[in-house]
Amino acid sequence: MTQRLNRLKIATLLANPPLHQPTVVLGWVRTRRESKAGVAFVEVNDGSTFDNLQVVIPASWSGYAEIVPLLHTGTAVRVEGVLVPSEGGRQAVELQAGSVTVLGESDPLQYPIGKQKISYETLREYTHLRPRTNTFGAIARLRDVLAAEVHGFFRARGFRWVHTPVITGNDAEGAGKAFQVTTLDLEGIAASGRDSETGRSGKAPDHKDFFAKDFFGKAVSLTVSGQLEAEAYALSLGDVYTFGPTFRAENSHTSRHLAEFWMVEPEMAFADLEDDMELAEAFLKHLCRAALEQCPREMAFFKERVEPTVIERLEAILAAPFVRMTYTEAVEHLKASKETFEYPVEWGTDLQSEHERWLTEKYCKAPVILIDYPKDIKAFYMKVNDDGRTVRAMDVLVPHIGEIIGGSQREERVDVLQARMKEMGLDDHAIASLDWYLDLRRFGGAPHAGFGLGFERLVQFVSGMANIRDVIPFPRTPGRI
RNA sequence: UGGCCAGUAGCUCAGUGGUAGAGCAGUCGGCUGUUAACCGACUGGUCGUAGGUUCGACUCCUACCUGGCCAGCCA
C-alpha cells in the first residue's frame, strides 16, 4: 500500500476543505504549542502552499506521551485525522488527529533552522534546508510560477524554445569573463610546471597547440549568453527564445551578481528595436501580472515581511506604459538635474548605477527604456545607426534593481559587422571562431532583434528580496559554492 | 578588484580597559485550545584567528580569515 494513499496536499485541502472526512496529511512540523493538561497544537507544512495546517492532538490519544515530545521543528510526520472547523481564530479549519506517525525525527539541538529568527546570511550556509522556511518556500514557489510563465508568454506568441549549448567555443561573445572548461590534468601540469632546469615554478604552458590535447581540441568555456546561437535559430524558425543557466567568471561582490544564473533571451527575425521594446514591456508586464494573480499568498508575505512596497510596485508596472528615451536625452536630463552625483555625466560614457537609479526612481518614477547608446560602450553585434556614432541598443531600467533587461537590434550587414568586430578589438582568433555568426548575414541575413533578461533579477524585483543570492536555490558566487 | 562595516551562547542581539548578559531554541515543572502561546527554574560562551600594547584585553593596535554593503563589470 502506498504511503501516499488518501494523502491530501495542504494546498488542496485548504482550497476545498473536506470537512468531517478521514484525511491524511504528510509534511514537516513548523512549531508545536503544548498545553500539558489539554492538547497539543502542531503546525504542519508540506510545501504545497504557504500556509500551515494546524493539527490538534488531544491528550486522550494513546500515543500522546510518546510521540508529542518528538514533534520538534523539522520533524517529518504523517497525520491521520478528521478535518473540522477550527475553534481558534487564526485558521478556518484544523485537523483533529486520530494518530500521528513520525517519519523522520529532527534533533532540535542539531537542527540549524528552528522557529527562532535567523538571518539570510546564516541561512546561506544551509541552502539545502532553507527552502523549509516561509521566505525561501515562498521564493521557490514564485520562481516556479515565473519560470512557467516565461514559457507561457512566449508560447502564446508563437516563439519556440531553443536549447543553446552550455559549453561553447565562441571567443569574446562580448559579455564578461568566461569559465574555462577542460579535461586536462591541471594538477599534473601545475606540478610539472616546476621547471627542473630553470627552477621556476608555475610556468605557464605557452605553446600554441596546448589545447589541441584538450577534450574538444581547442579552448572552450561555459556560455556567457545563448544569444549568438539563438540568432541562428531566429534566422531559421522566426521567433525563438532561450531559457537556461549562464555563467560569468567576474569577481563581483554585489547583491545583484551571480557566477551562475538563469537568463531568458528571446530573438525575433524580421524585427527592429521598436518590436524589441514592445516585446520587453509586454513580457515584464505579463510576469508581474502572473505573480500577483498566481502567488497572492506569497506576495502578501513579501509585502509584510520583505518589502512593504512590492505589490504597489508591480501594480505600477502594469498601470502605465514604460517611459522611452534615447541615451542622449537621458544624459541631458541628468545634466539638467540638481542632483549631485558621485560620478559626472558625460555623453559617451556609460551611465553609472546612480544615474540609472535616478532616472527610473526619481525622474520617471516608472520603468524606463533607454535606447541608442554610443557605439563605443556597447557590444559589436548591435546595429549601427545612420548617425554612425550610436547603436540600436536598449536597456530596461526598473526601480529597486536598475538594469533588468539589455537588448538590441542586431547588425545584419556583414561588412559593417566585420568592421565593428575589429573596431571593438576582437583579435583574428576570436573573429575566426565567430565565422559561423557571419554566415547568418552572408546567407539570407535579415533584420532581427532580441534581448536578455536575468531571471534572478526578475525574481528579485517581483519579490522585493534585497540579495540575489536569496532568489536562486543554490547560489554560486566568487569563493563560495 | 577597490572603499566601508561586522564577527560575543545553537539562533537574534546587548555590553564595558577590571574577568560575560537578554530573548528565542533545548530540558524540567506549571497552565482545559494554543497560534511569535504564556509563567517559573535549569542548561548553554577558550567573546573569528594570530600577534602586540597593558598590572590586566571581549573592549585598544596590527595582520589574517569569514560574512555583508557600496562601486566597477554586467543580467
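When reading the values below, keep in mind they use all heavy atoms of this one structure, side chains included, and skip hydrogens, waters and symmetry mates. Just so we're on the same page: letters track the sequence lines, and every chain starts at 1.
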Worksheet item: What stem regions, each of at least 3 consecutive Watson-Crick or G-U pairs below 3.5 Å, can be found for RNA chain B?
Response: B:1-7 with B:65-71, B:10-13 with B:21-24, B:26-30 with B:38-42, B:48-52 with B:60-64
Fill in: Pair A:Trp161 + A:Phe154: ring centers closer than 6.0 Å
no
Worksheet item: What is the nucleic acid contact for A:Gln460, judged by heavy atoms within less than 4.0 Å: base, sugar-phosphate only, or nothing?
Response: nothing
Item to complete: Please check the phosphate of B:A71 (OP1 and OP2 only) for any side-chain N or O of A:Arg357 closer than 4.0 Å.
Response: yes
Item to complete: Could you tell me whether A:Arg30 contacts a base, only the sugar-phosphate backbone, or nothing, with contacts defined as non-hydrogen atoms closer than 4.0 Å?
Response: nothing
Item to complete: Starting from P on B:U34, measure out to CD on A:Gln96 and report it in whole angstrom.
Response: 14 Å
Worksheet item: What is the distance, rounded to the nearest whole Å, between atom CZ of A:Arg480 and atom C1' of B:U66?
Response: 9 Å
Worksheet item: Touch check for A:Gln352, heavy atoms < 4.0 angstrom, all strands: base, sugar-phosphate only, or nothing?
Response: sugar-phosphate
Discussion item. For A:Phe136 and A:Tyr120, take the angle between the two ring planes, folded into 0 to 90°, and tell me which bin it lands in: parallel under 30, tilted 30 to 60, perpendicular over 60.
Written reply: perpendicular
Discussion item. Below 30° counts as parallel, above 60° as perpendicular, anything between as tilted: where do the rings of A:Phe153 and A:Phe283 land?
Written reply: tilted
Practice prompt. Would you indicate, yes or no, if B:G26 has its OP1 or OP2 atom less than 4.0 angstrom from a side-chain nitrogen or oxygen of A:His72?
Written response: yes
Worksheet entry | Interatomic distance at P, B:U34 relative to B:U8, whole Å | 38 Å
Discussion item. Quick check: on RNA chain B, is the nucleotide nearest A:Gly452 upstream (toward 5') of the one nearest A:Glu43, or the reverse? Name the residue that is more 5'.
Written reply: A:Glu43
Discussion item. Given the structure, check if the side chain of A:His257 and the base of B:C73 hold any donor-acceptor pair shorter than 3.5 Å.
Written reply: yes
Worksheet item: Will you find, in the side chains of A:Glu94 and A:Ser86, an N or O donor that is under 3.5 Å from an N or O acceptor?
Response: yes
Worksheet item: Taking atom C1' of B:A71 as reference, at what distance in whole Å does atom CD of A:Glu250 sit?
Response: 14 Å
Worksheet entry | Under-4.0 Å side-chain N/O to phosphate OP1/OP2 contact, A:Ser353 with B:G72 | yes
Discussion item. For a side chain to side chain contact (heavy atoms under 4.5 Å, CB included) check, start with the C-alpha distance between A:Val42 and A:Glu34, then their side-chain angles and the critical distance, and finish with the verdict.
Written reply: CA-CA 8 Å; A:Val42 180; A:Glu34 207 178 340; over 6 Å; no
Worksheet item: Can you check the A:Gln91 CD to B:G33 C1' distance for me, whole Å?
Response: 10 Å
Discussion item. Could you check whether A:Phe474 and A:His128 have their ring centres less than 6.0 Å apart?
Written reply: no
Worksheet item: When all nucleic acid strands are considered with a 4.0 Å heavy-atom cut-off, which category describes A:Ile405: base, sugar-phosphate, or nothing?
Response: sugar-phosphate
Worksheet entry | Verdict with supporting geometry, A:Thr23 and A:Leu95, side chain to side chain contact (heavy atoms under 4.5 Å, CB included) | CA-CA 8 Å; A:Thr23 302; A:Leu95 189 62; 4.0 Å; yes
Worksheet item: Just how far, in rounded Å, is C1' of B:G26 from CD of A:Gln110?
Response: 12 Å
Discussion item. Base contacts versus sugar-phosphate-only contacts with protein, heavy atoms under 4.0 Å: please encode nucleotides 3-13 of chain B as B, S and - from 5' to 3'.
Written reply: -------BSS-
Worksheet item: Expressed in angstrom and rounded to an integer, what is the separation of A:Asn45 atom CG from B:U35 atom C1'?
Response: 15 Å
Fill in: Pairwise C1' distance for B:C24 and B:C39, with rounding to whole Å
16 Å
Worksheet item: Do A:Glu34 side-chain and B:G33 base share a donor-acceptor contact under 3.5 Å?
Response: no
Item to complete: Could you give the distance separating B:U19 and B:G45 at their C1' atoms, to the nearest angstrom?
Response: 14 Å
Worksheet item: How far, in whole Å, is B:A57 from B:G17 if one measures between their C1' atoms?
Response: 7 Å
Discussion item. With no hydrogens and no angle check, just 3.5 Å: does a side-chain donor-acceptor pair link A:Glu260 and A:Thr246?
Written reply: no
Worksheet item: Counting any heavy atom closer than 4.0 Å, what does A:Leu258 reach on the DNA or RNA strands: base, sugar-phosphate only, or nothing?
Response: base
Item to complete: Send over the distance from A:Leu351 CG to B:A71 P, rounded to a whole Å.
Response: 14 Å
Worksheet entry | Between A:Arg256 and A:Asn467: side-chain donor-acceptor atoms closer than 3.5 Å | no
Worksheet item: Base, sugar-phosphate, or nothing: which does A:Gln227 touch, judged by heavy atoms less than 4.0 Å apart?
Response: nothing
Discussion item. Distance check, P atoms only: B:A20 and B:C47, in whole angstrom units.
Written reply: 11 Å
Discussion item. Between the base of B:C73 and the side chain of A:Ser252, is one N or O donor paired with an acceptor at under 3.5 angstrom?
Written reply: yes
Worksheet, complete the sentence: Of A:Phe41 and A:Gly114, the one whose closest nucleotide on RNA chain B sits nearer the 5' end is A:Gly114
Worksheet item: Roughly how far apart, to the nearest Å, are B:U59 and B:A6 at atom C1'?
Response: 15 Å
Worksheet item: Does a nitrogen or oxygen in the side chain of A:Arg124 sit under 4.0 Å from OP1 or OP2 of B:G68?
Response: yes
Item to complete: Would you name the heavy atoms of A:Cys288 and A:Leu318 that are closest together and state the gap between them?
Response: CB-CD2, 4.3 Å
Practice prompt. Check whether more than 12 heavy atoms from other residues, nucleotides or ligands sit under 6.0 Å from atom CZ of A:Arg305, and answer yes or no.
Written response: no
Practice prompt. Indicate, with a heavy-atom threshold strictly under 4.0 Å, whether A:Asn467 touches base, sugar-phosphate, or nothing.
Written response: sugar-phosphate
Item to complete: Would you classify A:Gln54 as touching base, sugar-phosphate or nothing, given that sugar-phosphate means primed atoms plus P, OP1 and OP2, and contacts are heavy atoms under 4.0 Å?
Response: base
Item to complete: Could you verify whether a donor N or O on one side chain and an acceptor N or O on the other, from A:Arg124 and A:Thr122, lie under 3.5 Å apart?
Response: no
Worksheet item: With rounding to whole Å, what would you report as the distance between B:A36 and B:A25 at their P atoms?
Response: 13 Å
Fill in: Contact under 4.0 Å: A:Arg256 side-chain N or O vs B:A71 OP1/OP2
yes
Worksheet item: So, A:Glu231 and A:Tyr437: side-chain donor and acceptor under 3.5 Å apart, yes or no?
Response: yes
Worksheet item: Can a side chain N or O of A:Ser255 be found less than 4.0 Å away from OP1 or OP2 on B:C70?
Response: yes
Discussion item. Just the rounded figure in Å: distance from P of B:U35 to CZ of A:Arg32.
Written reply: 15 Å
Fill in: Among B:A71, B:C74, B:G26, the one nearest A:Pro108 by side-chain distance
B:G26
Fill in: Interatomic distance at C1', B:C58 relative to B:U16, whole Å
9 Å
Discussion item. Tell me whether the side-chain N/O atoms of A:Arg90 come closer than 4.0 Å to OP1 or OP2 in B:U35.
Written reply: no
